[in-house]
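Down below is the structure, laid out as structure tokens.
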Amino acid sequence: MSSETVAATPRKTALNPVHRQMGAKMVDFNGWDMPVEYPPVGGLMKEHLAVRNGVGVFDVSHMGDIRIAGPQALAAVQHITMNDAAGMAIGQCRYSAMLYPQGTFVDDVIVHRMGDDDYMLVINAGTREKDVSWVTENTRQFDCKAENLSDNYTQIAIQGPKGVNTLQKLTDADLSQVKFYWFTHGTVCGLPNILIARTGYTAEDGFEIYVPTDEPTSARVWYAVMEAGKEFGIVPCGLGARNTLRLEGRLPLYGHEISDSINVWEAGLERFLKMEKGDFTGRAALERAKADGIKRTLVGLESVDRGIPRDGYKVLDLKGKEIGYVTSGSYAPFLKKNIALAYVPMEHSAIGSEVAVEIRNQPVKCKVIPTPFYKRPKKQS
Amino acid sequence: MAYPADYRYTKEHEWLKVEGNTGTVGITDHAQESLGDIVFVELPKVGTELTAGKTLGTVESVKAVSDIFAPASGTVTEVNEALNTSPEQVNKDAHGAWMVKVKLKDPSEANRLLSAADYEKYVAAEGGH
């Protein structure tokens, strides 16, 4: 976990008292005092399974938001992100990333097109300050304004196949009309004009809502969601389940699968990289990197022998030579096996390749398996 | 959760039950609770020599890896293999889900460990900050 912004006094979201009241185990996450799990009502395993099978609710207010608005907002977004924002409709979201000139990651982001010349980037908690100054610095040449809205919202994620049924009870917006990676505005719990996005970080269907950040309102919405989801077995979910859910879905985490020393090709995110859209920061370096040949790549591993590969463990070839490292690894609560994402040289990356992960000085055999480890069943509501 | 009065406890949250020369070792209810859902237990082989205070194995929850320390010295005579396939037993019944049985080098070593009452006080103080 990146520790660059760990503050002396951890920051708190507006829902902090609610988490404590619900008996959450709190941890310091990138300088934020956040719930890792809620033992009295859930526990990591139960929380994870609730999201896969029903619905779970997360406080993700530590995420940041940057608005870019003005006549040249699109040009600015195109300049600082790797995906193509040009074709986006108002109400659409797109996964993207901001890159350094070296083609490595400043952060991954979700771009929301809010209006004609109005975009919002949702960014990671651990990179908030860095992202805000990066965006401010690198959009200066355009006729637009970059505004940090990070402290304006309590962001609540309602995730799982029953997320739609849960949230529908609390809003007048017709959620069946909101497709995955689109958003709308509606009244939620009596609060007008709330941003409701069908996005998430769980590899499951779900929504993220952005409500006013004062404590009573935040708490009221949280408990209303809990109540609405009761019949679907809703549980509050902490960062622990958030991490295992995203790992099963192979969703990258900054400081792990992506960082300032990993490029887009290596991370396997070229699906979200639009080289043909025109120039943008990082493009030239990525072109060169491709011409030079990609040397390592992110693969999915499954333990063959007993042992849980974890973040930072070494990857060895079968002769014991160090060839790479694990970026994220865990027991996977839904898949019920030990899985990991790891960087290995290209020649070890084919599906079925056998490698070892060094666990407590012992090589534990693993094989390369297809990712995402988990893909949600196709079903439109 | 009541801590059995006939067990002794370490500050690293293991328990030791002594019967004659045989010691039975597990982790405490407090340990399982702070670890969360336990998904992996790694134990030594029968015949392994244990030294008091040294690592004897590992227990892992989804989030965390934690060493198990030998509460006393001796030789492993039996290993609870059932925990390989059902590690969640430790969550369900930490004081029943034993990990290893040990032929103790010196059963009186147990006297250096905490009593149930003292361990309970220790845990309360540790969790009270």
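Since the structure is predicted, the reported quantities are computational estimates derived from the model, not experimental observations. Basis for what follows: all heavy atoms, side chains included, without hydrogens, waters or symmetry-related copies. Throughout, a chain's letter reflects where its sequence line sits, starting with A, and its residues are numbered from 1.
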Under 4.5 Å from any heavy atom of chain A - which part of B/Thr58: side chain
Ring-ring centroid check A/Phe334 A/Tyr374, cutoff 6.0 Å: yes
A/Glu248 vs A/Arg52, salt bridge (Lys or Arg N to Asp or Glu O under 4.0 Å): CA-CA, chis, key distance, verdict: CA-CA 11 Å; A/Glu248 284 185 343; A/Arg52 288 278 177 261; 3.0 Å; yes
A/Lys336, part contacting chain B, at a heavy-atom distance under 4.5 Å: neither
Whether B/His30 and B/His13 hold their rings parallel, tilted or perpendicular, with breakpoints at 30° and 60°: tilted
Side-chain donor/acceptor of A/Tyr331 to backbone N/O of A/Ile339, under 3.5 Å: no
Among the listed options A/Met45, A/Arg306, A/Lys25, the residue most often paired with chain B at heavy-atom distances under 4.5 Å: A/Arg306
Segment of A/Arg360 engaging chain B (4.5 angstrom heavy-atom cut-off): side chain
